[in-house]
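In what follows, chains carry the letters A, B, and so on, assigned in the order in which the sequence lines appear, proteins first and then strands, with residues in each chain numbered from 1.
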2 protein chains.
Amino acid sequence: MKPTIKNIAKAAGVSTATVSRALSNKDDVLKPSTAKRIRQIAQEMGYHKNVAASQLASHITNTIAVIINYHQTNFWKDIINGILQRAYELNHKVIIFSAGNNDSARLTETVNEALEHQATGILLISGKIEPAQLKILDKARMPYRLISIYDQQHPEQRFISSDNVAIGEKATNYLITHGHQKIGIVGIDHSSTGQQRLFGYQRAMTAAQLTINPHWICYGDYGYQNGQELFEKIEGHELTAVIAGSDLTAAGLIKAATKHHIHLPDQLSIICIDGSMICEITNPTLTSVTQDFYQMGVKSVDNLLNDEPSLFIPTSIHERSSVKNI
Amino acid sequence: MKPTIKNIAKAAGVSTATVSRALSNKDDVLKPSTAKRIRQIAQEMGYHKNVAASQLASHITNTIAVIINYHQTNFWKDIINGILQRAYELNHKVIIFSAGNNDSARLTETVNEALEHQATGILLISGKIEPAQLKILDKARMPYRLISIYDQQHPEQRFISSDNVAIGEKATNYLITHGHQKIGIVGIDHSSTGQQRLFGYQRAMTAAQLTINPHWICYGDYGYQNGQELFEKIEGHELTAVIAGSDLTAAGLIKAATKHHIHLPDQLSIICIDGSMICEITNPTLTSVTQDFYQMGVKSVDNLLNDEPSLFIPTSIHERSSVKNI
DNA sequence: CTGAAAGCGCTAACAC
DNA sequence: GTGTTAGCGCTTTCAG
């Protein structure tokens with residue numbers, strides 16, 4: 001006999017309504033003895049609620065749909081970890097959709113798919129998003145948040161992100177404070193994240209009345225290998241300090257600098273963005289601007305479920321001996 | 001007007017069955033013109049299928065439920081990544097359940113919750129699992145696989161895992177081949193994974209007629225900090241080589257060795273298990289036994305959906321200059 | 001405190 | 001090709 005509410009009702013000699021109540025722990029309405037007896041029978045029959053039926057009837061899913069729109073880097077993993085943790089605490093399930101790597105068509109497809117799940121809300125971990133997809137979300141009147149992306153042009157969009165402009169500015173100012181004037185920024189990319197960090201750098205430089213030599217800005221892919229390669233690009237420009245676009249970029253720069261017999265920080269000061277364990281291990285002295293992606297995941301869930309306004313995840317700077325006073 | 005199949009039917013002047021067919025792209029049965037017209041109307045009404053209703057009626061979910069039973073280490077993130085990728089390719093959704101950190105009661109709870117979702121199958125990423133939970137799964141007749149855990153005592157259980165005995169053996173034999181006899185194993189724990197690695201080590205040592213000094217076996221937690229601390233423990237035992245239980249353990253050992261002015265590999269050869277990027281960056285010369293967790297995720301999905309037998313994910317050894325010939 | 005019954009939105013025979 | 005209709009398994013008024 002298939003373990004359904006109906007069959008349990010039959011076995012217990014009660015109605016399906018009573019069984020439903022018993023299994024939903026609505027004990028305040030039921031006689032404790034019947035409730036207990038029903039649960040006992042359910043247990044014996046190996047009953048497991050059919051979530052689909054339950055959701056259909058009740059219209060509540062307690063599910064957060066997460067869309068990952070960029071798998072290349074690793075930060076989404078920490079964000080997911082935070083989401084999972086907080087979702088569990090708030091008694092929500094998490095369903096994850098993979099949308100490839102900034103593939104717009106596929107993202108649209110994925111957003112539509114997520115919408116089919118009648119989730120409580122959608123969390124979109126993205127490098128970028130286009131108006132087309134936003135329109136779908138808005139039309140569906142489904143609560144959503146953009147994680148790790150914010151758009152100064154569209155302050156009305158709800159996001160949870162690091163403040164990348166502030167990050168770039170903070171790192172730059174730190175170096176300026178220490179007397180540096182020829183400061184490079186290395187390994188950022190053309191995504192909004194990279195551009196915002198660059199903008200912060202430019203703003204700080206300009207505010208300090210420092211001129212920026214275009215050669216001091218080196219694009220890259222945030223990677224370790226790339227960091228090593230980029231070192232060659234910054235040589236010969238008399239830089240005294242460099243902002244590494246990511247922790248891996250910094251690791252690569254350090255590796256290459258060592259190989260070229262450049263002494264750090266005497267000949268070159270390095271500060272790194274996204275400083276995490278890798279930098280800590282390769283070079284515990286490295287000053288870094290760190291973001292807490294786990295926290296970003298946690299806050300995202302809170303923010304979504306409580307309908308709070310957009311949020312910047314705070315950034316902290318870990319001052320170590322990698323920056324020389326000049 | 002709520003965008004349901006019924007309302008679309010009304011708007012299009014057809015039956016709900018026809019709408020259902022059109023929206024499920026059963027175009028072989030429909031007149032192309034009506035199919036197209038219906039999809040057009042659905043689009044305009046902002047229709048999104050109600051997955052709950054669909055699943056309830058069809059009994060098919062195309063969903064893989066993943067349970068994470070151990071959040072402390074990072075390998076699950078790569079596994080999840082592989083699962084997501086492959087699941088997408090096979091047109092399956094992924095729902096993730098977090099079961100804390102080897103909390104047995106909570107795991108039971110989570111298994112039950114996963115069962116409620118009528119998934120195609122369950123993937124359990126675990127450090128360990130108990131008979132109680134296995135019994136629930138078996139009783140529910142739900143296909144499942146244990147990832148990253150295998151139990152020699154229970155060959156009937158389906159698992160996808162690295163072969164930790166082989167890994168320990170492989171690392172040990174590598175050192176033996178290079179002439180080492182006083183070999184330590186450092187940083188493993190008491191989990192089945194750790195114990196299997198230890199067992200492989202012991203087997204290789206015994207096979208080579210080498211005696212093991214109990215002090216050569218140092219327990220730890222696979223961490224970086226711990227690796228540094230453990231270095232002190234192995235000093236004074238005249239070891240010529242060491243197997244580090246994890247990449248982070250190796251990084252810690254290297255750090256501590258350098259601090260103690262021990263020259264690697266002349267005074268001590270190190271080989272590491274789980275060798276990944278961190279080791280590559282901290283010490284590109286380190287010989288390591290590597291496991292591909294991403295691949296483990298990919299294979300798990302295939303294995304589950306195609307009902308294939310248990311599988312060991314192959315391990316490879318990267319020989320570099322961290323082991324000295326003596 | 002418990003039961004009867006009307007759906008939730010969709011699918012899948014079966015009929016025409 | 002398309003319509004009719006009987007569910008899928010559960011929740012939730014509304015009665016009693």
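- Within 4.0 Å (heavy atoms only), B/V14 reaches sugar-phosphate atoms of the nucleic acid but no base atom.
- Residues meeting the side-chain hydrogen bond (donor to acceptor under 3.5 Å, both in side chains) test with A/Q40, sequence neighbours left out: A/E44.
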Using residues 61-68 of chain A as the side-chain source, report each donor-acceptor pair under 3.5 Å to any protein atom, sequence neighbours left out, with the distance given to one decimal.
residue, atom, partner, partner atom, Å
A/T61, OG1, A/T63, N, 3.4
A/T61, OG1, A/Q118, O, 2.9
A/T63, OG1, A/T61, O, 2.9

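- Taking 4.0 Å as the cutoff to heavy atoms of chain A, we find the contact window on DNA chain C bounded by C/dC1 to C/dG9.
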Under 4.0 Å protein heavy-atom contacts per nucleotide of nucleotides 9-16 of chain D, with B for base, S for backbone only and - for none:
BBBBBB--
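- Applying the salt bridge (Lys or Arg N to Asp or Glu O under 4.0 Å) test to A/D78 and every residue at least two apart in sequence or in another chain returns B/K77.
- Annotation: salt bridge (Lys or Arg N to Asp or Glu O under 4.0 Å) contacts involving residues 6-15 of chain B, sequence neighbours excluded, are absent.
- Each end of the helix from C/dC1-D/dG16 to C/dC16-D/dG1 yields a helix axis from five base pairs, and these two axes differ in direction by 30° (to the nearest 10 degrees).
- Contacts of B/K49 classified as salt bridge (Lys or Arg N to Asp or Glu O under 4.0 Å), with partners at least two apart in sequence or in another chain: none.
- In this entry the distance linking CG of B/L30 with P of D/dG1 reads 9 Å, nearest Å.
- Remark: B/E130 pairs with no residue by the salt bridge (Lys or Arg N to Asp or Glu O under 4.0 Å) rule, at least two apart or across chains.
- Considering only side-chain N and O atoms, B/T34 lies nowhere under 4.0 angstrom from the phosphate OP1 or OP2 of D/dG1.
- Screening residues 11-23 of chain A for salt bridge (Lys or Arg N to Asp or Glu O under 4.0 Å) gives no qualifying pairs among residues at least two apart or on separate chains.
- Residue pairs meeting the side-chain hydrogen bond (donor to acceptor under 3.5 Å, both in side chains) criterion with at least one member in residues 86-96 of chain A, sequence neighbours excluded, are A/Q85-A/E89, A/R86-A/E89, A/R86-A/D302, A/Y88-B/R106.
- Distance OG1/B/T18 to CD1/B/I8: 12.0 Å, rounded to 0.5 Å.
- Sorted by first and then second residue, the ring pair (Phe, Tyr, Trp, His ring centres under 6.0 Å) pairs involving residues 116-155 of chain A (not counting sequence neighbours) are A/F97-A/H117, A/Y150-A/F159, A/Y150-A/F312.
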